[in-house]
Amino acid sequence: YAAKKIWYIVFVAVSPEAQGHEAFAFLCEQLYMVASTQNGLVGLDICTYNDEVHRMSKVFRLLVRRMTDNMRFSRIDQQSYWLYEFPSAA
């Protein structure tokens with residue numbers, strides 16, 4: 001991290017008008033261009049829904065592979081989020 005070679009993408013927000021267009025492809029291209037020129041790493045935090053329904057990890061790989069085949073990838077963690085609700089007694 002101190003060498004500025006790790007980019008951790010927590011989330012991507014795209015306005016409804018731009019969804020389904022080139023925003024994510026442009027982001028992937030820029031991540032590749034910056035990280036690859038510095039021998040860097042890119043970490044994406046993709047929720048299960050987006051990976052199962054929208055296949056975001058695969059989409060990222062496909063977009064980057066249009067520019068290079070010199071890429072390794074692996075799932076490094078998996079987590080879940082729980083909601084505990086305490087409705088009023090009334």
Could you see if [X] belongs to whatever hydrophobic cluster contains [Y]? Use Ile, Leu, Val, Met, Phe, Trp, Tyr and a side-chain cutoff under 4.5 Å.
{"X": "Phe26", "Y": "Ile46", "result": "no"}
{"X": "Leu44", "Y": "Met67", "result": "yes"}
{"X": "Met56", "Y": "Leu62", "result": "no"}
{"X": "Trp82", "Y": "Phe86", "result": "yes"}
{"X": "Phe24", "Y": "Met33", "result": "yes"}

For Gln30 and Tyr32, test the side chains for any donor-to-acceptor distance below 3.5 angstrom and give the result as yes or no. no

Tell me, please, which residues at least two apart from Asp45 pass salt bridge (Lys or Arg N to Asp or Glu O under 4.0 Å). none

For Ala25 against Leu63, the heavy-atom pair lying closest together: CA-CD1, 3.7 Å

Atom of Val42, atom of Ala35 and distance for their closest heavy-atom approach: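 Shortest heavy-atom contact: CG2-CB, 3.7 Å.
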
Sort and list the pairs that fulfil side chain to side chain donor-acceptor pair (under 3.5 Å) and have at least one residue in residues 52-63, not counting sequence neighbours. Asp51-Ser57

Between Thr68 (side chain only) and Arg65 (backbone N and O only), is there a donor and an acceptor less than 3.5 Å apart? no

